[in-house]
Amino acid sequence: MKDLIEKLAKEAQEEISQAGSLTQLEELRVKYLGRKGSFTTLMTGLKDIPNEEKPAAGQALNHAKKSIEHELETKQQHLEKEELTKQLSDDSFDVTRPGTHVTTGHIHPLSQVQKEVEEIFGQMGFAIMDGPEIESEHYNFEALNVPKDHPARDMQDTFFVSGKHHENHGRMVLRTQTSPVQIRSMEKYGAPLRAIMPGRVFRYEATDASHDSTFYQVEGLLIDKDVSLANLKGVMTEFLTRLFKRETKVRFRPGYFPFVEPGIELDMWCLLCSGQGCRVCKNTGWMEFMGAGMVHRNVLKAGGIDPDEYKGWAFGFGLTRLVMMKYGIDDIRHLMSGDLRFLKQF
Ligand code: PHE
C-alpha cells in the first residue's frame, strides 16, 4: 500500500509541475483528489488492509494528500500570475489609447467672487470669520439691538426652526443676515478687531428675479479706539477699486439699521457709466451697494466690549448681488439653479 501511495504521489507531482493552464490544473485536482479521484479511492480501500498496517498507511495517505494540495495551490498562483503578465504584454492592449474623458467642474461664480473679496480684505488686514447658519434669536436679533416685538424685526422676514429652542437665547431661526457673527467675533476675540464674515443667509420671501429665499452676504466689522466713517469710506473705495479693477467712488446716504448709529447706505459709482447717468442707474450715476454705520453702543455691550473705550463701524453687503453686478446677471435664480449651461460661462 505504501509503495502504491508513493508512486501515485510522484506521478501526481510530475503532472502538476507540467500543467500548462488553469483548466489542466483543475482536471488534475479532480483526477487525484476529486470524489472519484485516485487518493479518495485509496482512502476507501484502507478498510480492506490488515489492521496492523492501517495506521501507517493512513498516515502516509494523509501526508501525500496534503503535499499534493500544497503543490496544486502553488502551481495555481504561478499560473495566474503568468496569465496576467501575458494579458498585459498582449499587443491588442494599447496603453497609449485615450481613456474615457472625465470632465472636471470649476469653482462656482459665487465662490470665485467670495475668494476675491476675502483676498482683498485679507490684504488690508481683515480676518475671515464664520458663524452658524441656524442661529438663536439672541444672536440674530436681540444682541443686535432688535428687541422682541420691536417693529424692526419685520424688516427681515424670518424662517423659524420649529420645535427648537436655545436655553437662554430664544427660538432658533435660519439667520436672516451675517450680522450675528459680529457678536460672536466680539465675544471670541474682543477689541481691537478687524474681520469680514461671508456666509449664507435666509429670508422668508417670495422668489422673483431679484429676490431669493437663500442668498449670500459679507459682513464687515472694525473696532478700535480711534475709528470713524471716514475710514469706512477709504476701505470701501479701495475694496471696490481693486475688485472692479478701475477707479470707483462711493457716497453715503442716511439709512436705518437698528444695530448702527448713525446708520448709512453706501452707494458706488454706476459700473456702466461711472457717475454719468445711464439706463442701469436710472440716470443717477450711482448704484446702491450696502448698509453700514457706526456700531451701536448696545451692540458693543452685547459683544462684551466697553463702548466708552472702543468704537467701530460695521457693514453688510449682498455677495449674491455683487456677483450679479460684476457679471451682469439679470436673474438671481440662475445662481442657485445648478444649470450647467449657465455655470459654464464663468
Ligand atoms: N445686516 C444688514 C442687512 O442684512 C446690513 C448691515 C450690516 C447694515 C451691518 C449695517 C451694518 O440688511
Side-chain angles (χ1 to χ4, degrees), residues 114 117 121 126 128-133 135-147 150-159 173-186 193-205 210-224 227-233 235-236 239-240 250-268 287-303 305 307 310-324 332:
Q114 179 177 332
V117 171
F121 277 103
F126 285 75
I128 319 290
M129 302 210 180
D130 230 346
E133 290 174 351
E135 264 295 7
S136 63
E137 280 185 287
H138 168 78
Y139 281 111
N140 198 78
F141 293 119
E142 254 116 273
L144 290 166
N145 200 34
V146 188
H150 191 283
R153 285 235 175 159
D154 297 341
M155 288 168 76
Q156 299 172 353
D157 294 313
T158 309
F159 284 117
V173 301
L174 296 187
R175 65 175 179 191
T176 56
Q177 49 188 351
T178 41
S179 305
V181 196
Q182 284 189 33
I183 307 290
R184 290 183 176 275
S185 313
M186 289 186 229
L193 192 63
R194 211 187 312 181
I196 60 160
M197 306 135 203
R200 189 155 57 157
V201 301
F202 310 87
R203 303 245 176 120
Y204 182 48
E205 271 178 27
S210 50
H211 296 86
D212 206 345
S213 58
T214 304
F215 57 100
Y216 288 76
Q217 284 189 333
V218 178
E219 195 83 7
L221 179 65
L222 184 139
I223 295 174
D224 214 322
V227 190
S228 80
L229 286 178
N231 307 125
L232 176 66
K233 202 166 200 173
V235 166
M236 291 316 290
F239 162 67
L240 291 167
V250 302
R251 74 171 184 190
F252 291 166
R253 279 180 293 120
Y256 172 69
F257 301 95
F259 26 89
V260 283
E261 181 59 39
I264 59 159
E265 298 269 359
L266 183 142
D267 298 337
M268 59 183 275
M287 291 165 104
E288 254 181 55
F289 184 62
M290 66 176 199
M294 294 303 290
V295 181
H296 197 288
R297 289 175 65 83
N298 291 350
V299 175
L300 288 170
K301 269 193 249 173
I305 290 173
Y310 285 101
K311 51 188 172 172
W313 44 250
F315 65 78
F317 65 80
L319 181 69
T320 308
R321 229 175 68 86
L322 179 64
V323 173
M324 291 171 72
I332 192 172

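Source: prediction; values computed, not measured. Read the numbers this way: they start at 1 and go in the same order the structure lists the ligands and their atoms.
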Of all the heavy atoms in [X], does at least one lie under 4.0 Å from an atom in ligand 1?
X	result
G293	no
M294	no
M155	no
F259	yes

Requested in this report: Measure from NZ or CZ of R321 to the centre of the six-membered ring of F215, then state whether that distance is under 6.0 Å and the direction lies within 45° of the axis.
Outcome: no
Query raised in the report: Would the number of heavy atoms belonging to other residues, nucleotides or ligands and lying under 6.0 Å from OH of Y204 be above 12?
Result: no
Query raised in the report: For atom CG of D157, is the number of surrounding heavy atoms from other residues, nucleotides or ligands below 6.0 Å larger than 12?
Result: yes
Query raised in the report: Which ligand 1 atoms are under 4.0 Å away from a heavy-atom of G291?
Result: 6 (C), 8 (C), 10 (C)
Report task. Taking only heavy atoms of S179 into account, list the atoms of ligand 1 that are under 4.0 Å away from them. Result -> 1 (N), 7 (C)
Query raised in the report: Can you list the steps and then say if Q182 with E219 is a side chain to side chain donor-acceptor pair (under 3.5 Å)?
Result: CA-CA 8 Å; Q182 284 189 33; E219 195 83 7; 2.7 Å; yes
Query raised in the report: Can E142 and R153 be counted as an ion pair, charged N to O under 4.0 angstrom?
Result: yes
Report task. Quick one: sort the F126 and F121 rings into parallel, tilted or perpendicular, breaks at 30° and 60°. Result -> perpendicular
Query raised in the report: Taking heavy atoms and a distance under 4.0 Å, where does Q156 meet ligand 1: side chain, backbone, both or neither?
Result: side chain
